[in-house]
**Student:** 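Structure incoming, see below.
As a basis for the values below, the full set of heavy atoms in this structure was taken, side chains included, without hydrogen atoms, waters or symmetry mates. Indexing begins at 1, ligand by ligand and atom by atom, following the structure's order. If you're wondering where the values come from, they're calculated on a predicted model, not measured in any experiment.
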Amino acid sequence: MSRIAILGVGKVGTAIARAALTAGHDVTLAGSGDPAPVQFIVDVMAPGAGVATATEAVRDAEVVILAIPLPKLETLSPELLAGHIVIDAMNHWAPTDGALPAVFAETADTSSVVAAHLSGSRVVKALNHIGYHEMEDDARPAGAPDRRGLAAVSDDPDAAQQAAELVASLGFDVIASTPLSLGARLEPGSEIFAGSFSGAEIRDRLAADRLAVA
Ligand SMILES: NC(=O)c1ccc[n+]([C@@H]2O[C@H](COP(=O)([O-])OP(=O)(O)OC[C@H]3O[C@@H](n4cnc5c(N)ncnc54)[C@H](OP(=O)(O)O)[C@@H]3O)[C@@H](O)[C@H]2O)c1
């Protein structure tokens with residue numbers, strides 16, 4: 001069991017929370033402000049999860065999951081998240097996000113910008129290439145022939161491995177790899193983002209550039 005803080009109480013944050021609760025993890029959700037209005041959402045969408053301010057949620061967490069709109073990155077405090085394994089589940093979703101700030105144009109993968117902003121955190125890109133509605137529907141027990149594969153990529157192999165184990169506990173075969181820039185292969189417009197693959201297929205598709213750690 002892990003203590004997980006999820007920042008973002010929208011479609012993705014609550015779907016991950018339900019999946020993590022089902023897997024037996026301790027989950028606390030935080031929105032962008034006062035927790036009081038969030039409590040009702042969590043009572044309905046992720047009953048059993050805790051609700052707190054971001055500061056309180058992150059303080060005791062072993063893993064923090066970012067489930068907020070990417071353009072809101074600057075609202076996250078690097079000091080708050082320093083030292084934590086941070087799973088970046090965010091994408092640039094143009095229909096809702098619009099154009100991204102200019103800093104994102106400097107690299108092909110958005111998670112490298114996230115890691116630069118959260119320079120004291122151990123950033124892992126994961127859980128971004130599965131729809132929120134699939135996080136429970138596609139989950140399968142270990143060994144199931146149709147278990148879906150996902151990726152967890154980071155510049156920090158240990159963080160990638162720990163994130164992979166967490167996501168695997170939700171019901172997926174997770175390929176942990178370095179470097180974080182492989183996140184470009186998981187983003188909207190990529191083959192992996194558009195499809196549903198087994199773990200072996202994910203491994204093959206990352207193989208050209210990756211240094212696998214699991
Ligand atoms: N939709 C999908 O299937 C899917 C799948 C994978 C990944 N993603 C990515 O996951 C992210 C979230 O998507 P979503 O569909 O869940 O969005 P959403 O339903 O719009 O929810 C976003 C949530 O983020 C909160 N938020 C904004 N700034 C915050 C901050 N600084 N701290 C804590 N919470 C904050 C918002 O709260 P307030 O209203 O209080 O601002 C809202 O609860 C996006 O980056 C998206 O691209 C989406």
**Student:** Counting from 1, what ligand 1 atoms have a heavy atom of Tyr132 closer than 4.0 Å?
**Tutor:**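 Reading through ligand 1 atom by atom, the close ones are 1 (N), 2 (C), 3 (O).
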**Student:** Could you tell me the residue and atom name of the protein heavy atom closest to atom 12 (C) of ligand 1, and the distance to it rounded to 0.1 Å?
**Tutor:** Ala67 O, 3.4 Å
**Student:** Pick out which of Leu118, Val64, Val58 makes a side chain to side chain contact (heavy atoms under 4.5 Å, CB included) with Leu80.
**Tutor:**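 Among the candidates, only Val58 passes.
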**Student:** Of all the atoms in ligand 1, which lie at a distance below 4.0 Å from a heavy atom belonging to Gly31?
**Tutor:**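 Taking each heavy atom of Gly31 in turn, ligand 1 has 32 (N), 33 (C), 34 (N) under 4.0 Å.
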**Student:** Does any N or O in the side chain of Ser190 come within less than 3.5 Å of the main-chain N or O of Arg185, such that one atom is a donor and the other an acceptor?
**Tutor:** yes
**Student:** For atom 10 (O) of ligand 1, tell me which residue out of Ala89, Ala5, Ala15 has the closest non-hydrogen atom.
**Tutor:**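 The residue whose heavy atom sits nearest atom 10 (O) of ligand 1 is Ala89.
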**Student:** When only distance counts, is Val12 in polar contact with ligand 1, meaning an N/O pair under 3.5 Å?
**Tutor:**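 Checking ligand 1 against Val12, an N or O pair does fall under 3.5 Å apart.
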**Student:** Taking side chain as C-beta onward, heavy atoms only, is Met135 less than 4.5 Å from Leu170?
**Tutor:** no
**Student:** Given 3.5 Å as the limit, does a donor-acceptor pair link the side chain of His117 with the main chain of Leu76, or not?
**Tutor:** yes
**Student:** Any link between Trp93 and Val103 through a network of hydrophobic side chains (Ile, Leu, Val, Met, Phe, Trp, Tyr) touching at under 4.5 Å?
**Tutor:** no
**Student:** Answer with side chain, backbone, both or neither: which part of Asn91 has a heavy atom less than 4.0 angstrom from an atom of ligand 1?
**Tutor:**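 Both backbone and side chain of Asn91 come within 4.0 Å of ligand 1.
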**Student:** Heavy-atom contacts with Ala30 under 4.0 Å: which atoms of ligand 1 show up? List them by number with element.
**Tutor:** 33 (C), 34 (N)
**Student:** Within the side chain of Arg148, is there an N or O that forms a donor-acceptor pair under 3.5 Å with the backbone of Phe172?
**Tutor:** no
**Student:** For atom 22 (C) of ligand 1, grab the closest protein heavy atom and report residue, atom and distance to one decimal in Å.
**Tutor:** Pro69 CD, 3.6 Å
**Student:** Within the 4.0 Å heavy-atom shell around Ile130, which atoms of ligand 1 are there?
**Tutor:** 5 (C), 6 (C)
**Student:** Ligand 1 and Thr75, any nitrogen or oxygen pair closer than 3.5 angstrom?
**Tutor:** yes
**Student:** Would you say His25 and Leu166 make side-chain contact, with heavy atoms under 4.5 Å?
**Tutor:** yes
**Student:** If we only count N/O pairs under 3.5 Å, is His133 in contact with ligand 1?
**Tutor:** no
**Student:** With a cut-off of 4.0 Å, which atoms of ligand 1 are near a heavy atom of Leu70?
**Tutor:** 45 (O)
**Student:** Report yes or no: does Thr178 contribute a side-chain atom to a donor-acceptor pair with the main-chain N or O of Pro157 at less than 3.5 Å?
**Tutor:**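 Answer holds: no.
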**Student:** So which protein heavy atom does atom 40 (O) of ligand 1 come closest to, and at what separation?
**Tutor:**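 Heavy-atom neighbour on the protein nearest atom 40 (O) of ligand 1: Ser32 OG, 2.5 Å.
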**Student:** I need the atoms of ligand 1 closer than 4.0 Å to a non-hydrogen atom of Gly131, numbered in the order shown.
**Tutor:**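 Heavy-atom distances to Gly131 below 4.0 Å select 3 (O).
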**Student:** So between Val9, Ile68, Thr14, whose heavy atom ends up nearest atom 44 (C) of ligand 1?
**Tutor:** Ile68
**Student:** Taking His129 for the side chain and Ala151 for the main chain, is one N or O donor matched with an acceptor at less than 3.5 Å?
**Tutor:**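 Yes, because the side chain of His129 sits within donor-acceptor range (under 3.5 Å) of the backbone of Ala151.
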**Student:** Given Leu150, which partner from the list Ile130, Asn128, Ile175, Leu186 fulfils the side chain to side chain contact (heavy atoms under 4.5 Å, CB included) test?
**Tutor:**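 With Leu150 as partner, side chain to side chain contact (heavy atoms under 4.5 Å, CB included) holds for just one option, Ile130.
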**Student:** With no hydrogens and no angle check, is any side-chain donor or acceptor of Glu136 less than 3.5 Å from a backbone partner on Arg18?
**Tutor:** no
**Student:** Protein heavy atoms: any of them under 4.0 Å from atom 36 (C) of ligand 1?
**Tutor:** no
**Student:** Atom 20 (O) of ligand 1: which protein heavy atom is closest, and how many Å away?
**Tutor:**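 Checked against all protein heavy atoms, atom 20 (O) of ligand 1 sits closest to Lys11 NZ, 4.2 Å.
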**Student:** Do me a favour and list the nearest non-hydrogen protein atom to atom 21 (O) of ligand 1 with residue, atom name and distance?
**Tutor:** Gly10 CA, 3.3 Å
**Student:** Please state which protein non-hydrogen atom is closest to atom 25 (C) of ligand 1 and give its distance, to 0.1 Å?
**Tutor:**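 Ranked first by proximity to atom 25 (C) of ligand 1 is Gly8 CA, 3.9 Å.
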**Student:** Using only atom types and a distance under 3.5 Å, with no angle test, would you say the side chain of Glu62 pairs donor to acceptor with the backbone of Arg3?
**Tutor:** yes
